[in-house]
Amino acid sequence: MSEPVTTRMSRFGEVDDQYDPHALEERVFEYWDEVDAYEQTKQHRADGESYFFVDGPPYTSGAAHMGTTWNKSLKDVYIRFLRMQGYDVTDRPGYDMHGLPIETKVEEQLGFENKKDIEEFGEENFIQECKDYADEQLEGLQEDFKSFGVWMDWDDPYKTVEPEYMEAAWWGFSKAAERGLVEQGHRSISQCPRCETAIANNEVEYEDVEDPSIYVKFDLADREGSLVVWTTTPWTIPANTFVAVDADLEYVGVRAEKDGEEEILYVAEACVEGVLSEGRYDDYEIVEELSGEEMLGWSYDHPLAEKVPAHPDHDGAHEVYDADYVEADRTGLVHSAPGHGEEDFERGRELGFPVFCPVGSDGVYTEEGGKYEGQFVKDADEEIIADLEAAGAMLSAGTVSHSYGHCWRCDTGIIQIVTDQWFITITDVKDELLENVEDSQWYPQWARDNRFHDFVEDAPDWNVSRQRYWGIPIPIWTPEGRDDDEDMLVVSTREELAERVDQDVDPETIDLHKDTVDELTITDGDTTYTRIPDVFDVWLDSSVASWGTLNFPEDQSRFDELWPADLIIEAHDQTRGWFWSQLGMGTTAMGEVPYERVLMHGWALDEDGRKMSKSVGNIVQPGEAIERHGADVMRLFLLSVNPQGDDMRFSWDELRNMENSLRTLWNVFRFPLPYMRLDGFDPSETTLEEVDDDLELVDEWVLARLQSTKEAMTEELEAFRQDRALDALLEFVVEDVSRFYIQAVRERMWEESDSSSKTAAYATIYRVLRETVTLLAPYAPFVAEEIYGTLTDEDGHDTVHMEDWPAVDDYWVDEQLEEDVAFLRAIEEAGANARQQAGRKLRWPVPRVVVAADDDRVAAAVERHSDLLADRLNAREVELVDPDERWGELNYSAEADMSVLGPAFGGRAGEVMTALNEARIDDPTLESLEAAANELLDEPAEITDEMVSFVTETPEGVAGTAFGTDGDDRGVVYVDASLTDDIESEGYAREVIRRVQEMRKELDLDVEERIALELSVDDDRVASLIEAREGLILEEVRADEFSTVDVDEQGGHRKEWEVEGVDVELAIAPLSATSDAV
RNA sequence: GGGCCAAUAGCUCAAUCAGGUUGAGCGCCACUCUGAUAAGGUGGAGGCUCUCGGUUCAAAUCCGAGUUGGCCCA
């Protein structure tokens, strides 16, 4: 334990018996620190071709969840892969640290209710609190990301709150302003009355709530009757300015009767029933039919005119107008208040109406609200309803459950009001945006062509102003006393700021937050300019990341070379977010899309496919996954799912599977170490090339498989399908190396004396392991590091992550061999099946295995490798039946090919298929088959060669199993399981050997330990069969002789066994221990 | 309310683009093997391919309508 820390474990040194992720990862973290693995790796590629990856900055509130973890794992695997391919990859992580979410968290912590509390606390103090909070969260995130081995430049992340980054935003914004794309405007916006700021439409979250549902009658001024409108927001009635109809829609005047009183109501024809039943009228009669067109210009009286004296009464107010937002729903007439609704606002603007909005930014009626002044709008609903009822204007008042917008952060119901906001008028450059969309390559492509394209097409102007504190101040200065966009000054850098402002400012040290810049003024001639009070929408912060991450414009050194980004990787919610904001900012500021490739992944869902959420309580913390299985396993799982668009379902089962795969790799790796160590194998002396002549077939085969694995992985990774690349690698490790190659070479490794065959196997497995862990390194950086270190010692880099991505070595490529072995394995598998059917275990030899090959390719493979096959199947002899021959004693049946039968027989195809499948014949000819099939059919069918393939029916005494690859049948293996004395002799001997081995294990004897063996068999025939193989038994169990064993005296072991129904008693004792046994 | 994506074995996913008797891994059960391997091998159970229509000789696959889940938009 107190050994000095070595910089690297010695080559082929002792390793843990079992794969222990936690201990291993701890060791590797320490090792990375010791050798500066990350720094070295970056340095190693410093002269490579540059690759500009840009990190989408996670927001610094809350910890890293499974989705963020997936995201960073994906980034890490591709950054590592690119580095191994030789690129000098930009890997600066980023953090999004401004914005309302943090403000509301801090407000919560400080117990604030509204903006007034902030003003009292002091802007400067509040901003400091926000910064502290964001910094604290950032630290947590950094630790989370490091904990699962992400290698990014953690010492120097870009932070959106640093002056040089804020400057990047100013600069981009000023570029847009230079193009004339910045304007101030009166707009209807979504306002959070608690946060007292505009929020973007995409920050509005919709929830089902219960709201008033009122039908209001607007008395017509020039004629009898009233217009009926419906709304869920009584508080907008004071601002009613006009009523909208659809000119093309049919409307009716209805004489409605209730309690003996009659009145005329105007509604859309389609809505008559609904409205009258809402109003509980007793009876009605349609007295007038007219189009919306005919109603245009009708005027009516504002029902709350007296309560709200300031209500709109300009020319044209309170009349009926056409509008395209009208539907034949509810009443077909729409109460329109341009001071509130977005569509109302647009229509009001077209009509040239002044805007009347009697509601302040806090959702409280202003003086213009008349009677309601000072009330919060939602609270005023009740009184307004009462007033409408008192005025006889209420047709019906109830409630309705509908989805209504809420503030994404504080969950307050939003209100639509009209305020002054600043915009980047991206609608002016819509064509350019759509063109630029085409300039980036998306994985998957449909996300770009459908989702993103549609989103961009419909995007409105970008409202970039927020009436808050914790954000990048908008760098606009306007003449004192005015805040419009005429004569505005837009400052682009700190340098420019220092030059222009009246105060003394040091561009090197100034912090650009609101508390600092609000005091700065600019004087031009005799006009003094002050900054507008707003800060940027937080989405603007990250939108400039592609140059902000380079500290541009402050640092101009890398921009020209690197920009735009080669790659960004984020989840699909960023189509409306970062993918979009970057496109918008890139286009308005630079005329280009700032990224060339987008890998768009999905969200991390729970095991049932539901979103992980606090309220449902189904969140899986990445920390828990690491705790249970280790970081490598978690990464392997996250990287084993399709990264293109689909959501991921978390699965503990799959994590377990991944851990099993790594355990297999670990065992494969540790298996040859003791032997290599013992034999002093030196991979730098004994290279693969050196032992080429001694390589055996399996060696060449596994090397060929290694080449195709590398090829497949490279192809998949380059297409951003790391999941498929991983599949290929794990299949190679588990199926090919562990289950086949190691099984095949273990006897060579056991050889005690030096042999060229053993050395060849060492060299082969060394090459395979070393390249395998290199291929695994981007996925599971910890375990790959430890294995690599043990294999290479001084012979490699300090870290596996400095290795070049393994290239395909043409010399070892051998597709024919791969195919041969694929056939052999299929034959072996089928042979094992046949053996089991025949009731003959593998331990017992069989006299003969017959392989009936369907085609020449298979026949050639069997011919070439019949020795190997005999060995694997424990057969004394392998016989090949060529494709054009057939084995006697067989019956045949046919298997129908539906793709041929379908077109030929149409509706009868199914029936013919069944008949063909059921027919049994003695010889596999079309004639006999047709005859047999037609016996079963009502109408005869003409069968051709292409329609069927013949299948053999196994005769008695021989077991046969079909084999094939990729679902295609390629032939049949027959196992002749008949017994001879010789075979029985070996079989029984092997049974004895295995049992002695087990007893050796139970005694915990060293592998080398010699023993004495006593054997008594309760059957004379079997005893003599075993006797015939005494030599074999002694050799295999390392016994010197058969003798009587006194278990107690010699410290031995005695046991009764039943072998194939015969009682056998075995006793063993270690020879060296005889003297000092207790 | 609209757009996009998904739905196949108990679980995770292939097969869908170019229609032809649904597959793999894991899990489960039984048997088996075991000088790297809490491993390996063989067999088995387990599917109205989300539902309903349509096209076709033939649909998991193509088309239409719906259901459920996810993202986005209103």
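Letters A, B, ... are given to chains in the order of the sequence lines, protein chains preceding strands, and every chain is numbered from 1.
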Of the options [options], whose atoms approach the side-chain atoms of [X] most closely?
X	options	result
S738(A)	rG35(B), rA36(B), rG70(B)	rA36(B)
L605(A)	rA38(B), rG70(B), rA36(B)	rG70(B)
E829(A)	rU42(B), rC11(B), rA14(B)	rU42(B)
R739(A)	rA36(B), rC26(B), rC5(B)	rC26(B)
D647(A)	rC72(B), rC5(B), rG70(B)	rG70(B)
N833(A)	rU42(B), rC11(B), rA38(B)	rU42(B)
D454(A)	rA36(B), rG3(B), rC71(B)	rG3(B)
Q997(A)	rG35(B), rU12(B), rA38(B)	rG35(B)
K611(A)	rC11(B), rC71(B), rG41(B)	rC71(B)
N450(A)	rC11(B), rU37(B), rC4(B)	rC4(B)

Should [N] form a Watson-Crick or G-U wobble pair with both distances under 3.5 Å, which nucleotide is its partner?
N	value
rG35(B)	none
rU42(B)	rA30(B)
rG25(B)	rC11(B)
rC4(B)	rG70(B)
rG53(B)	rC63(B)

Is there a side-chain polar atom (N or O) of [X] under 4.0 Å from OP1 or OP2 of [N]?
X	N	answer
N667(A)	rA38(B)	yes
R576(A)	rC71(B)	no
R746(A)	rA36(B)	yes

For the [atom1] atoms, the ones on [N] and on [M], what distance do you get once it is rounded to whole angstrom?
N	M	atom1	result
rU16(B)	rA7(B)	P	12 Å
rU21(B)	rU61(B)	P	14 Å
rU67(B)	rG53(B)	C1'	15 Å
rC28(B)	rG23(B)	P	23 Å
rA60(B)	rG20(B)	C1'	13 Å

Is [X] salt-bridged to [Y], going by a charged N under 4.0 Å from an acidic O?
X	Y	result
D653(A)	R656(A)	yes
E659(A)	R663(A)	yes
K611(A)	D647(A)	no

Within the structure shown, what part of the strands sits under 4.0 Å from [X] by heavy-atom distance: base, sugar-phosphate, or nothing?
X	answer
G609(A)	sugar-phosphate
E607(A)	sugar-phosphate
V668(A)	base

Examine distances only and state if a side-chain atom of W70(A) and a backbone atom of L638(A) form a donor-acceptor pair shorter than 3.5 Å.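 Pair found, side chain donor or acceptor close to backbone of L638(A).
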Check whether W844(A) forms a cation-pi arrangement with R990(A) (NZ or CZ under 6.0 Å from the six-membered ring centre, at most 45° off the ring normal).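 Relative to the ring axis of W844(A), which defines the angle, R990(A) lies outside at least one limit.
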Go through the N and O atoms of the side chain of R451(A) and the base of rC71(B), and report whether any donor-acceptor pair is under 3.5 Å.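 Donor-acceptor pair under 3.5 Å: yes.
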Could you check whether the side chain of Q743(A) and the base of rU37(B) have a donor-acceptor pair of N or O atoms closer than 3.5 Å, going by distance alone?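 Yes, a donor-acceptor pair under 3.5 Å.
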Mapping A830(A) and D646(A) to their closest nucleotides on RNA chain B, which lands nearer the 5' end?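 Looking at RNA chain B, the more 5' nearest nucleotide goes with D646(A).
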Between W446(A) and R724(A), name the one whose nearest nucleotide on RNA chain B is closer to the 5' end.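 First, find each residue's nearest nucleotide; the 5'-ward one identifies W446(A).
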Quick one: [X] [atom1] to [N] [atom2], roughly how many Å, whole number?
X	N	atom1	atom2	value
M600(A)	rC5(B)	CE	C1'	8 Å
F579(A)	rC4(B)	CZ	C1'	15 Å
I765(A)	rA36(B)	CD1	C1'	9 Å

Candidate pair F455(A) and F579(A), rule ring pair (Phe, Tyr, Trp, His ring centres under 6.0 Å), full reasoning: CA-CA 11 Å; F455(A) 182 86; F579(A) 299 150; over 10 Å; no
What is the ring orientation for F681(A) with Y762(A), classed by angle as parallel under 30°, tilted 30 to 60°, or perpendicular over 60°?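 Correct class here is tilted.
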